[in-house]
Visitor: 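First the structure, then my questions, so here it is.
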Amino acid sequence: MMMNLSASRPTNFSKIPKNKLDLSMNTSNLAQVNAAAVGNGADSLEQDARLDQKSSFIVVAFILSGSAWLLLGSILGTVASFKMHMPDWLGEQAWLTFGRIRPLHLNWMAYGWASQVGVGVSLWILSRVLKTTIPVRPWLFVGLLVWNLCLLIGGIEILMGHSRGLEWLELPIYTIVPIVFVIVLAGEAAISMLYTRKQPHLYISAWYIIAALVSFPLLGIVSSLPIFEGTVQAGMNWWYAHNALGLWFTPMGLAIAYFLIPKVTGRPIYSYPLSVLGFWSLLLFYNWNGFHHLIGGPVPTWFVTISIAASVMMIIPVVTVAVNHHMTIIGSFEAVKYSPTLRFVVFAAMSYTFVSLQGSFQAIRAFNETIHFTHYVIAHAHAGVYSFFTMMLFGAVYYIMPRITNWEWHSPKLIKLHFWLSASGMIIYLVGLQIGGIIQGLEMNNPDIPFMTVVNNTKKWLLSRSFAAILLTAGHFVFAYNVFRLMHLRKVRPAPPVTWLDIQRQRAQQPKPEPVPFSKKVANAFSGLNQSLKRWANDVKVDEH
Amino acid sequence: MGSVVLLLSSMLIAGVALLFFYRAFKSKHFDSLQKDALIPFDDDEPVGKPTDQLFKDSEK
Amino acid sequence: MIKNSILILGIVGLFLFAMIGLTILPKVFIEPNVEKANVYVWGRAAEGHKVYVSNGCIYCHSQQVRPKGFGADFERGWGRASVATDYKGLTPHQLGTMRTGPDLSNIGVRQPGRDWHLLHLYNPRTVIKESIMPPYPYLFEIVDADKTLKEGLKLPPEYQIPGKKVIPTDEANALVDYLLSLNQKDPIKPQQN
């Protein structure tokens, strides 16, 4: 997609400084910066572009950093998946054993990819809905470096066998605490935006983002306290892990959906009061779900029952979100089809409805009896963190990056490829492990079936998961390549740089192309195929002589 | 004993929540809620115009 | 327009409410009973618990037996319903959430033989052909047969290494002690050599 634009540059921010981190900014000119950025009745897109120019690099930094962890985490996940049906593969070394690779995959994906890109995207969305710049915080860049260092060191510790031993909390405490502190710094930036905002009303996305940034540090601190032992520790473990999903990832994911779905379709949220109900009911119920991971376990039954009740009550916020998102989308299929962002976001939003209702079902004792301890739970976990949250992040990155870097994605085909790899990989993953998990559960609950038979019957489903892992990993490399090309193009293209405004104006001026009728498209496809076949036949003939 | 504690505490919490809700209602918080749904939009990207239609532009 | 303070207060309030319910209240209700219980893990079994944690056994094995009538845990001979006192003083807990492999709460009763465990850890397929459990050869040393008087593992023919013996390290022995101590019926006993 070539851009053939003359530089009709309205302002002086075409001089993008080489080093976007302008450390000369001190607090004394911060007020001026903010005032200039938000503007005096200028073009809104210009306003937005200026917002981005001043503050965007931290968002880019988080996105790039998170994407690197995505690649590492995907490789680890693929290796772990293969090890489950090929247990002797890479089985000699201690640092490659399944019991260490698997938690590393989880931690690097959760606290590397998902959390970092989540923070970056959240800050950007907050700045848009509050109509204020992300405040200049040089220490956030240092914080990101520290975060990465902690993940690296924590990863080495896990591979060396010094895991903390709690699921979702394997990273050593001395690495978790700095990460929590960096998130506190990001939270400070977010809360200061609340106070410098030019938009008096808080949009629903802002609510969710603040909830996430306030909750996660509390979670991190409490889970690091050395006051828990035995089953009480198990309770704390699952209170933490479930809240990491429900109070950290879910709110950030919903914030993205609530912003991008209206923004891209051009239609406001179907029922804003419903979204308020959804927010508060989510906070009320989600917090209490933790013990549904311990159904049948050595915890007093009434604790577990509270969690089951809360898990079922979650249907309320989930349905409100579903109604809002889906009613906003209905009638805008074209907008979904033509927007790379919305492709991912709608897939993610539908997955959210699915995975949450699935979770409510899993908490009910009758169903739990079958699927507890099986691969079904792993499918559910990935439906949440991947099919919902990761796809939501992909959609957000595809929306945000062009607007920050002022370049458009160079290859829509590659974006489509990424989407189909991720979507098909996830569908195979979920179908395979859900079916496999239910069969595994049913067979395990039948004492006449020997345990080894149960294990043998899961092998083909584990194999399907490995196939899915390859698709997903391939998709991630395509995504990383897309991001890399965008960043690279930014530097390679000669000045003047293109602004998002120019792209919009050019599109408005171009005459609408004649739509190609479907029959013509089919005819074109066949003639193309015909030509290729003829050429191949000719080559074969030549070879034969 | 446990159930009495639970019942009383949930009634207390529900009462507090209703109090907050009542105060929010009285302070006209809920009067123009649907207007907030328009916050993501502005003059350049108004209601009714889809944005980010990258795949459409590439079908040339 | 919602005040910033109300939003943040609401979030923190609801969070603390559930936190107290799910972490403090259990502590208050459960711990006094656990303190009184007379079970504990000590000696080499405690070291073995660390090896268990360090190698991530929890990701395939659970250590919590569900009550009779809920699943087939009882019928499979995995034990009685687990209670809080079974986990006295255990940190990090290893309750587990996956049963790729069987529950281990009573593995010391079901597999009381030291040699079986050592073989199984060295390579599970020496004792169970179709197992998908990873091997742990790094918990063992391979030494020349004539350089040591220690007993090597009695490996099946296809796993034997000519001229060498496979000797368990201290880690392997500790882990086996831990596994052999997993026994719901009695208070944990230390294992003799």
Side-chain angles (χ1 to χ4, degrees), chain A residues 83-85 87-88 91-94 97-100 102-103 161-167 194-195 200-202 207 210-211 214-215 218 222 229-237 239 283-284 287-288 290-291 293 296-300 303 369 373-374 377 444-447 451-452 455-456 459, chain C residues 1-2 4 7-8 10-12 14-15 17-19 21-23 26-27 29-31 34 53-59 62 64 66-67 70-72 75-76 81-84 86-95 97-100 102 123-125 128 130-138:
Chain A
K83 274 167 164 287
M84 280 197 95
H85 50 83
D88 286 316
E92 303 290 311
Q93 309 289 345
T97 189
F98 176 81
R100 296 183 190 177
R102 197 261 212 199
H162 305 146
S163 157
R164 218 176 124 200
L166 297 172
E167 291 189 67
L194 273 187
Y195 287 95
H201 290 246
L202 280 182
W207 297 40
I210 299 294
V214 165
S215 304
L218 293 173
V222 173
E229 274 183 356
T231 53
V232 174
Q233 190 186 46
M236 181 283 290
N237 191 174
W239 161 82
L283 281 193
L284 178 60
N287 265 296
W288 287 89
F291 280 31
H293 296 264
V299 187
F303 274 119
E369 188 178 354
F373 300 120
T374 66
V377 182
M444 233 187 332
N445 284 344
N446 181 350
F451 194 82
M452 269 325 293
V455 173
N456 273 329
K459 283 182 188 169
Chain C
M1 155 170 162
I2 188 173
N4 298 344
L7 177 65
I8 297 179
I11 294 167
V12 173
L14 287 172
F15 179 92
F17 176 40
M19 186 195 92
L22 292 185
T23 61
K27 224 170 125 69
F29 276 93
I30 297 175
E31 270 186 7
V34 172
V53 169
S54 133
N55 286 292
C57 305
I58 192 180
Y59 301 108
S62 63
Q64 45 168 316
R66 294 185 290 185
F70 196 62
E75 288 81 359
R76 283 191 180 274
S82 299
V83 294
D86 290 333
Y87 306 95
K88 177 185 161 79
L90 200 65
T91 180
H93 79 87
Q94 296 292 287
L95 257 57
T97 50
M98 285 292 286
R99 283 180 179 166
T100 314
N123 189 323
R125 283 153 285 287
I128 305 177
E130 295 159 321
S131 169
I132 55 173
M133 174 166 143
Y136 297 92
Y138 53 88

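Order of the sequence lines fixes the chain letters, A, B, ..., with proteins taken first and strands second; residue numbering starts at 1 for each chain. What you see is a predicted model, and the numbers here were worked out from it, not measured in a lab.
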Visitor: Return the CE to CE distance between C:M133 and A:M84, rounded to the nearest 0.5 Å.
Guide: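 If we round to the nearest 0.5 Å, C:M133:CE and A:M84:CE are 12.5 Å apart.
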Visitor: How long is the span from the CH2 atom in A:W207 to the CG atom in C:L7, to the nearest 0.5 Å?
Guide: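 The CH2 atom of A:W207 sits 6.5 Å away from the CG atom of C:L7.
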Visitor: Among A:N445, A:L284, A:N446, which has the most heavy-atom pairs under 4.5 Å with chain C?
Guide: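 The answer is A:N445.
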Visitor: Which pair of non-hydrogen atoms, one from C:S131 and one from A:P87, has the smallest distance, and what is that distance?
Guide: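 Residues C:S131 and A:P87, closest heavy atoms: O-CG, 4.0 Å.
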Visitor: Please walk me through it: do A:V455 and C:E130 pass side-chain contact (heavy atoms from CB on, under 4.5 Å)?
Guide: CA-CA 8 Å; A:V455 173; C:E130 295 159 321; over 6 Å; no
Visitor: Please list, chain by chain and in numerical order, all residues satisfying ring pair (Phe, Tyr, Trp, His ring centres under 6.0 Å) with C:F70, sequence neighbours excluded.
Guide: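 C:F70: no ring pair (Phe, Tyr, Trp, His ring centres under 6.0 Å) contacts found.
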Visitor: Is the shortest heavy-atom distance from the side chain of C:I11 to the side chain of A:S215 under 4.5 Å?
Guide: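 In short, these two side chains touch, coming nearer than 4.5 Å.
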Visitor: Looking at C:T97, C:T100, C:T23, which one has more heavy-atom pairs under 4.5 Å with chain A than the rest?
Guide: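 Option with the top pair count is C:T97.
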Visitor: Please examine the side chains of C:F15 and A:V214, heavy atoms only from C-beta on, and report whether any two atoms are closer than 4.5 Å.
Guide: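 Result no, sub-4.5 Å side-chain heavy-atom pair not found.
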Visitor: Shorter than 4.5 Å, heavy atoms on both sides: which option in C:Q64, C:R76, C:M19 has the most such pairs with chain A?
Guide: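 That would be C:R76.
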Visitor: Which one wins on heavy-atom pair count under 4.5 Å against chain A: C:G21, C:S82, C:P102, C:P67?
Guide: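 Highest number of heavy-atom pairs under 4.5 Å: C:P102.
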Visitor: Against chain A, work out which of C:L14, C:I30, C:V53, C:L95 has the most heavy-atom pairs shorter than 4.5 Å and name it.
Guide: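 Between C:L14, C:I30, C:V53, C:L95, the count favours C:L14.
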Visitor: Below 4.5 Å, heavy atoms only, C-beta onward: do C:M98 and A:E167 meet side chain to side chain?
Guide: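 The answer is no, as the side chains (C-beta and beyond) never meet within the 4.5 Å cut-off.
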Visitor: Where on A:T374 is there a heavy atom nearer than 4.5 Å to chain C: the side chain, the backbone, both, or neither?
Guide: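 The backbone, not the side chain.
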Visitor: What is the distance from atom CE of A:M236 to atom NZ of C:K27, rounded to the nearest 0.5 Å?
Guide: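 NZ of C:K27 is found 10.0 Å from CE of A:M236.
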Visitor: Which atom names give the shortest non-hydrogen contact between A:P103 and C:Y59, and what distance separates them?
Guide: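 Taking A:P103 first and C:Y59 second, the nearest heavy atoms are CB-OH, 3.2 Å.
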Visitor: Check whether A:R164 reaches the backbone of C:P92 with its side chain - one donor and one acceptor, N or O, closer than 3.5 Å.
Guide: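 Answer holds: no.
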Visitor: Side-chain contact, heavy-atom cut-off 4.5 Å: C:P135 with A:E92?
Guide: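 No, side chains not in contact.
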Visitor: Is A:V377 in contact with chain C via its backbone, its side chain, both, or neither, using a 4.5 Å heavy-atom distance?
Guide: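 Neither part.
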Visitor: A side-chain contact here means heavy atoms from C-beta on lying under 4.5 Å apart; do C:Y87 and A:P298 qualify?
Guide: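 In short, these two side chains touch, coming nearer than 4.5 Å.
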Visitor: With only heavy atoms counted, which part of A:D88 is less than 4.5 Å from chain C, the side chain, the backbone, both or neither?
Guide: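 Backbone plus side chain of A:D88, per the 4.5 Å heavy-atom cut-off to chain C.
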Visitor: Do you know which of C:T91, C:V12, C:I8, C:I128 has the most heavy-atom pairs with chain A at a distance under 4.5 angstrom?
Guide: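 Option with the top pair count is C:T91.
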Visitor: Between A:G235, A:S163, A:A211, A:G290, who has the most heavy-atom pairs with chain C when the cutoff is under 4.5 Å?
Guide: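 Looking at each option in turn, the highest pair count goes to A:A211.
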Visitor: Nearest 0.5 Å, please: how far is OG1 in A:T231 from CG in C:D86?
Guide: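 Here the rounded value is 9.5 Å.
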Visitor: Using non-hydrogen atoms only, which part of C:S62 is less than 4.5 Å away from chain A: side chain, backbone, both, or neither?
Guide: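 The side chain, not the backbone.
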Visitor: Is it the backbone or the side chain of C:F17 that comes under 4.5 Å from a heavy atom of chain A, or both, or neither?
Guide: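 The answer is both parts of C:F17.
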Visitor: Looking at chain C, which one of A:E229, A:Q93, A:R100 has the largest number of heavy-atom pairs inside 4.5 Å, strictly under?
Guide: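 Most heavy-atom pairs within the cutoff with chain C belong to A:R100.
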Visitor: Below 4.5 Å from any heavy atom of chain A, which atoms of C:A84 appear? Answer side chain, backbone, both or neither.
Guide: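 Both backbone and side chain.
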Visitor: Taking side chain as everything from C-beta outward and backbone as N, CA, C, O, which of these in A:F451 sits under 4.5 Å from a heavy atom of chain C? Side chain, backbone, both or neither.
Guide: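 Contact with chain C: backbone and side chain both.
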